[in-house]
Structures are given as structure tokens and as C-alpha cells.
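In what follows, a structure is listed as C-alpha cells, so that the remarks can point back to it.
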Amino acid sequence: MNTEKTRSQPPNEPAGCLTGVARAIALVVVLPVRLVWDALVFCLRQLWRWVLAPIGRVLGWLIHHLIVIPLRFLWEWVLVPVGRALWWVIDLLVVTPLKWLWRGVLLPVLKALWWVVDLLVVTPLKWLWRYVLAPVGRAIGAVLAWAWDVAGRVSRVVGRAIGWVLWNAIGRPLAWTYRVVLTPVGHWLRTWVWRPVAAAARAVRTAAREVRAALFGGPR
């Protein structure tokens, strides 16, 4: 019974109408764009098939036959043989003579010069250094080290002697004078001079305060 009631009810007519209207509007808007797109794609395909592709094949054929093949022929039959010939000429006229000059002339001359320099300069300098300068230098260094050590010892002895003389000539008399004369004098002055003077000064200050207080009033 519920199924029969559902079938007897009418469908949602407003929703179906809106969907149909939206689809119609979309079709009206999209259809011209799709037609233009399909026409553009068709035109491009025809342009590539009947214009661009044949032109490209023609250009490729022209480049291959007018540039690639001549360059290949020029490289194989002109540049490579000319380069080989030039290298053969350079090797024959420059490289080979330079090799011969180096091996046959310059190298022997340099070896002879080095032998002369070694014989007349290097070997005498080595002998002079080994048997004269190095031993003399070591001897001078040893003598200087010994003299430096002895001078240090003498300097320490002289320093102690000068210190002993200065102590006995100046330091000891000064110490004796300070201990025997100045210290007792200082004690006597402190006891019999500075203390009475300080006491008299305190008495004078006290009397002055009392006089001021008696004349002008105020605390004593």
C-alpha cells in the first residue's frame, strides 16, 4: 500500500525544471566555445598536414643536401687531408728540428755547463763549507759559549763583590747610625720634646677655650 501511494504522488516538478533550464543555459554558453575550439583544432591539423609538415620536409632536405653533405665532403676530402699535410709539414720543419736541436745540441751543452759549474763552483763551495766554514763556525760557537759562561760567572762574582763593598761602605754604617744614633735620638725627642710640646699645646687649647667661653659664653 505504501508503494502504491508513492507511485501515485507526482514528481518534484520545480527541481526538474531548474535543472533543465541550467543545462540549456550551459549548452548555449559552452556550445560556441566548443565549436570554435573544434574548428581551431581542425584548422591547425590541416595547417600542419598540408603546410608546415611539407615545408619542414623540404627545409630538412635542403639543409641536408645543401649544408650537411657539403660540410661532410669538405671535412672528409679537404680539411682532414689539409690538416694532415700541415701537421706533416710542421712536424718535418719545426718539431723534428727542435727535437734534434734539444737532444743533439742544447742538452749536451747544458750538461757540459752544469759539469763545469759543479766542478768550479759547487764542489769547491761544498769542500769549503765542510772542511773550513763549518768547523770554524762550530769552534767560534764553542768559544763564544765558553766566554759567555765565564763572563756570567765573573759577572756574578763582581756583583757579589760590589754588593759586599757597598754594604760595608754604605749600608752597614747607615744601619749602625740608624740603630745606634737615630733610633735613640728619635726616642729621646719623642719622650722629652714631642710629648711635652703636645701636652703644652693641649693645655693652651684648653685655656683658649675657657677664655673664649668666659668672654663670649658658650660651651667649654
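Everything quoted here is computed from the prediction, not taken from an experiment. All values below come from the heavy atoms of this structure, side chains included, with hydrogens, waters and symmetry mates left out.
Residues Val117 and Leu125 are members of one and the same hydrophobic cluster, defined by side-chain heavy-atom contacts under 4.5 angstrom among Ile, Leu, Val, Met, Phe, Trp and Tyr. In the hydrophobic clustering of ILVMFWY residues, with side-chain heavy atoms under 4.5 Å counting as a link, Val116 and Leu119 come out together. The hydrophobic clustering, which links ILVMFWY residues whose side-chain heavy atoms are closer than 4.5 Å, places Val197 and Trp188 together. A continuous path of Ile, Leu, Val, Met, Phe, Trp and Tyr side chains, each step under 4.5 Å between heavy atoms, connects Val78 with Val80, placing both in one hydrophobic cluster. In terms of hydrophobic clustering, with Ile, Leu, Val, Met, Phe, Trp and Tyr side chains grouped at heavy-atom distances under 4.5 Å, Val51 and Trp48 are assigned to a common cluster.
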Checklist entry - What's the verdict on side chain to side chain contact (heavy atoms under 4.5 Å, CB included) for Arg45 and Arg49, showing C-alpha distance, side-chain angles and the deciding distance? => result CA-CA 6 Å; Arg45 287 178 180 176; Arg49 181 178 180 181; 6.0 Å; no

Next on the checklist: Evaluate Leu71 against Trp75 for side chain to side chain contact (heavy atoms under 4.5 Å, CB included), listing each step before the verdict.
Outcome noted: CA-CA 6 Å; Leu71 287 177; Trp75 173 258; over 6 Å; no

Item to check | Verdict with supporting geometry, Trp102 and Leu110, side chain to side chain contact (heavy atoms under 4.5 Å, CB included) | outcome: CA-CA 10 Å; Trp102 171 254; Leu110 290 176; 4.0 Å; yes

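Side-chain contact between Trp61 and Leu66: absent, with no pair of heavy atoms (C-beta onward) separated by less than 4.5 Å. Counting only heavy atoms from C-beta outward, the side chains of Val95 and Lys99 approach each other to under 4.5 Å.
Distance CG/Leu44 to CG/Leu40: 4.5 Å, rounded to 0.5 Å. Taking CG of Leu113 as the start and CG of Leu106 as the end, the distance is 10.5 Å to the nearest 0.5 Å. Rounding to the nearest 0.5 Å places CG of Leu79 at 11.5 Å from CZ of Arg84. Note that OG1 of Thr96 and CD1 of Ile90 are 11.5 Å apart. Values are rounded to the nearest 0.5 Å. The distance from the CG atom of Leu120 to the CH2 atom of Trp115 is 7.5 Å, given to the nearest 0.5 Å. Atoms OG1 and CZ, on Thr191 and Arg195 in that order, are 4.5 Å from each other to the nearest 0.5 Å.
Checked by atom type and distance alone, the side chain of Thr177 pairs as donor or acceptor with a backbone atom of Pro173 at under 3.5 Å. Under the 3.5 Å distance criterion, the side-chain polar atoms of Asp91 are left unmatched by any main-chain donor or acceptor of Trp87.
Considering all non-hydrogen atoms of both residues, Pro135 and Trp129 come closest at CD-O, 4.0 Å. In terms of heavy atoms, Arg179 sits closest to Thr183 at O-CB, 3.7 Å.
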